[in-house]
Student: 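I am attaching a structure below and will ask some questions about it afterwards.
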Number of protein chains: 2
Amino acid sequence: MKKVTINDVARHAGVSKKTISRVLNNEQNVSIDTRARVQRSFKELGYRPNPQARGLASNQSFLIGMLYDNPNKSYITDTQTGALDTCQREGYNLVIYPEDFESLDLLERLEQLLINSHLDGLILTPPFSDMLPLLELLDRMAVSYVRIAPSVCLELSPCVISNDTEASYQMVRYLISLGHTRIGFIKGHPDHSASHKRLDGYMKAMNEADITVVDELIEQGFFTFRSGEECGRRLLNREQPPTAIFASNDFIAAGVLKVCAQRKISVPHQLSVCGFDNAPISRYIWPSMTTIKNPIKPMAAEAAKILIKSIREESLENTVIKFEDELIVRESSGPVPVQ
Amino acid sequence: MKKVTINDVARHAGVSKKTISRVLNNEQNVSIDTRARVQRSFKELGYRPNPQARGLASNQSFLIGMLYDNPNKSYITDTQTGALDTCQREGYNLVIYPEDFESLDLLERLEQLLINSHLDGLILTPPFSDMLPLLELLDRMAVSYVRIAPSVCLELSPCVISNDTEASYQMVRYLISLGHTRIGFIKGHPDHSASHKRLDGYMKAMNEADITVVDELIEQGFFTFRSGEECGRRLLNREQPPTAIFASNDFIAAGVLKVCAQRKISVPHQLSVCGFDNAPISRYIWPSMTTIKNPIKPMAAEAAKILIKSIREESLENTVIKFEDELIVRESSGPVPVQ
DNA sequence: GTCGAGTTTGACACCGGTGTCACGATATGA
DNA sequence: TCATATCGTGACACCGGTGTCAAACTCGAC
């Protein structure tokens, strides 16, 4: 298991180091049979280039970072595996940076991390995708990055996005088609741009169907289970409670379902409850939840792909790639109850 | 944002590169005021050593890998953040390797990964912790590693462990103390050593209390929600169904709870249901679940710590560090129903 | 005052690759 | 036929640090 270096290969193939390097990096201007000979030597010697040395010489690290702060563990791991899929194929390692978005010295911390790690590129997930000061920092430090699901300044960098507004709109249309008109809505964390988009979709569908949006049917949640319990309780305490509740994510919806169970409100017969994200809990809870599925893994994989492209060919035009969400109907939604 | 190299610092401090390097690595035999002067230059110039170069020269990568294959997303992210905590403090990056444990060419894939990435160390999580051929491979390739929660050959490497058998034993004792004697058990995936330990704890507690262990009250699950539904259904179909069901993890238990909800079996009044792992679902489901909490983050942090120690000081004796599990009583368990 | 041991420091090669440039060989055009 | 462009290749410096070794300096003991 002794290391095979470039010199060994050079000797074995009877060419210079530089030519080995050329073959390694797929450069042109290497004759066909030289290339073949070198590649044979690679095989025979089991040669693996040393990423440290390559990096030092060419000022790369073959490291891609992923920055996140998301309570949805399944979202995190899905994003990771999606991105990793591409990274491994392209010879990059993925290093992870869970960071506290609320932290006061966040920007400083991030700057330290970037300086220390010498990343080739960084994948930003919400809510970092919309953090303008961070984007500036990255520009200033000349670190390439992609953003997943940003909502502002799409022209600033390559991005992958889905259409939360549209998905939310579809969900509400679906509820309306079941006969619901008193549709409650629980908003997500105001720091996440997705929260606003999801509300927009709700409003759009309501307006389009000429249903008056009642303030008292809209509650402010925070993407957490607990906020779901609280908001759910408040909504169900109204004089005229809603016949359907659409929560901005599955955790909130799960909180609502818990309140229903406690109060023996039968879902979906007395109340429909819908979530957003297709988190595992949406499947594991009872009744299983109607929700929106976001193609997380493919999005992350694509994000990594365009990031690597932009690392390699210095500033291509800033691609924005769109993905479609999908409405998943399960047991927690049904026709409006007859009075 | 131009790079400051070791030469710049050397010039600025009026000493040689080598002395800078000495200060950087906290070597002894540097006079106090030279050290102070160099450190001042570090500050003033904002010097950051280049990990690539350091790695190339000293044959390190400052990369620690984490290998896992676990359906429990929250377990994964907790392990990651725990380990990362230590890694960042010690100047290492964490790179992640989700791999399919069932894959046929697993060992080959891993070998490739290791060769390509030049890791300084690797953190193994179950079920990889017990994969002997992998341990051999790592030894052969001279890659340091720690194992989290292994159950075989603890002397082979540094490990962090908790006592699944004991925790499971405590859970069953708790159920017995509530008056239960017909206690069903749903086993976990046979590939995970934890499954066997959890069963052992069950057996021990039952035997100790002189309760006959009935075969028909033990089912084979697979750590999945679906297997929980199936096993739950079977257990509840028995002529004499159990009054309590202890599932080997929370997903299984959630499946059982779903079956109860469907059949309008009131938990915990007619049936107690307990899980293992304290996954988020155990809190978000209704009724919230009695379960076992494993100190995942501290364990992972400690694992990283002893790994780094063993990387630095070549083969210290193989530490094994123990952690305690904790029984968390929530709403899904209660006294045995009166007939 | 001399000697030996220990401390502090720097010169220089080296880690394993890549960038630059120059050279010879072959192809192209006038 | 000769000048010029293009291709294929290697010599050599260089990326930013660390390891080795020897020189210079300090200090206490004799």
Side-chain angles (χ1 to χ4, degrees), chain A residues 1-39 41-42 45-63 91 115-118 120 142 311-312 314, chain B residues 1-39 41-42 45-63 91 115-118 120 142 311-312 314:
Chain A
M1 188 89 345
K2 69 215 159 298
K3 286 173 291 192
V4 180
T5 76
I6 198 170
N7 295 300
D8 302 326
V9 187
R11 206 170 310 119
H12 185 273
V15 295
S16 74
K17 293 209 292 186
K18 181 61 207 183
T19 298
I20 305 295
S21 168
R22 290 200 176 92
V23 175
L24 213 55
N25 294 288
N26 266 313
E27 289 176 27
Q28 40 190 358
N29 292 345
V30 178
S31 74
I32 299 193
D33 47 331
T34 306
R35 191 182 298 272
R37 190 147 33 93
V38 171
Q39 254 145 4
S41 296
F42 283 173
L45 298 179
Y47 170 66
R48 298 286 155 176
N50 179 332
Q52 314 280 319
R54 245 144 77 87
L56 176 59
S58 60
N59 199 27
Q60 297 178 262
S61 64
F62 304 101
L63 253 35
I115 295 180
N116 289 328
S117 314
H118 290 232
D120 284 346
I311 291 173
R312 291 194 176 144
E314 312 262 331
Chain B
M1 188 93 338
K2 68 217 158 293
K3 284 172 292 190
V4 180
T5 76
I6 197 169
N7 295 299
D8 302 326
V9 187
R11 206 169 311 121
H12 185 273
V15 295
S16 73
K17 290 209 298 186
K18 181 62 210 182
T19 298
I20 306 295
S21 168
R22 288 200 177 92
V23 175
L24 213 57
N25 294 289
N26 266 315
E27 289 176 27
Q28 43 189 357
N29 291 346
V30 178
S31 75
I32 300 191
D33 46 334
T34 306
R35 191 182 297 271
R37 191 148 33 92
V38 170
Q39 255 145 2
S41 296
F42 283 175
L45 299 179
Y47 170 67
R48 298 287 154 174
N50 179 331
Q52 314 279 318
R54 245 143 76 88
L56 176 59
S58 61
N59 199 25
Q60 297 178 263
S61 65
F62 304 101
L63 253 34
I115 295 181
N116 289 328
S117 315
H118 290 232
D120 284 345
I311 290 172
R312 290 195 175 142
E314 313 262 329

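Letters A, B, ... mirror the listed sequences (proteins, then strands); counts begin at 1. Computation of the quantities below employed the complete heavy-atom set of this structure, encompassing side-chain atoms and omitting hydrogens, waters and symmetry-equivalent molecules.
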Student: Mind jotting down which residue pairs meet the salt bridge (charged side-chain N to carboxylate O under 4.0 Å, His left out) criterion with at least one end in residues 28-39 of chain B? Sequence neighbours excluded, please.
Tutor: none
Student: Of all residues at least two apart in sequence or in a different chain, which pass the side chain to side chain donor-acceptor pair (under 3.5 Å) check with A:N116?
Tutor: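 Side chain to side chain donor-acceptor pair (under 3.5 Å) list for A:N116, sorted by chain: B:R48.
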Student: Near DNA chain C, counting only heavy atoms under 4.0 Å, which residues of residues 27-35 of chain A show up?
Tutor: none
Student: Between which nucleotides of DNA chain D, read 5' to 3', does contact with chain A run, using atoms under 4.0 Å from its heavy atoms?
Tutor: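 The contact span of chain A on DNA chain D goes from D:dC7 to D:dG16.
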Student: Could you tabulate the donor-acceptor pairs under 3.5 Å formed by side-chain atoms of residues 8-15 of chain B, not counting sequence neighbours?
Tutor:
unit_1, atom_1, unit_2, atom_2, d
B:D8, OD2, B:T5, N, 2.9
B:H12, ND1, B:S41, OG, 2.8
B:H12, NE2, B:E44, OE1, 3.4

Student: Tabulate below the donor-acceptor pairs under 3.5 Å that side-chain atoms of residues 17-25 of chain B make, not counting sequence neighbours, or state none.
Tutor:
unit_1, atom_1, unit_2, atom_2, d
B:T19, OG1, B:S16, OG, 3.4
B:N25, OD1, B:R54, NH1, 3.1
B:N25, ND2, B:S21, O, 2.8

Student: Look at all strands and tell whether A:N25 reaches a base, only sugar-phosphate, or nothing, counting heavy atoms closer than 4.0 Å.
Tutor: sugar-phosphate
Student: Residues in side chain to side chain contact (heavy atoms under 4.5 Å, CB included) with B:A53, at least two apart?
Tutor: A:L56, B:N50
Student: Strictly under 4.0 angstrom, non-hydrogen atoms only: write out the protein contact profile of nucleotides 21-27 of chain C, one letter per nucleotide from the 5' end, B, S or -.
Tutor: -------
Student: Side chain to side chain donor-acceptor pair (under 3.5 Å) with A:N59: which residues, sequence neighbours excluded?
Tutor: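 Partners of A:N59 by the side chain to side chain donor-acceptor pair (under 3.5 Å) criterion come out as none, since no residue qualifies.
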Student: Please identify each residue that fulfils side chain to side chain donor-acceptor pair (under 3.5 Å) with A:D120, with sequence neighbours left out.
Tutor: A:S61
Student: Over its full length, what angle do the end axes of the helix from C:dG1-D:dC30 to C:dA30-D:dT1 make, each axis taken from five pairs and the result rounded to 10 degrees?
Tutor: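 So the angle between the two local helix axes works out to 40°.
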Student: Can you sort out which residues in residues 6-17 of chain B have a heavy atom within less than 4.0 Å of DNA chain D? Ascending by number, please.
Tutor: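 Hits under 4.0 Å, by residue number: B:I6, B:K17.
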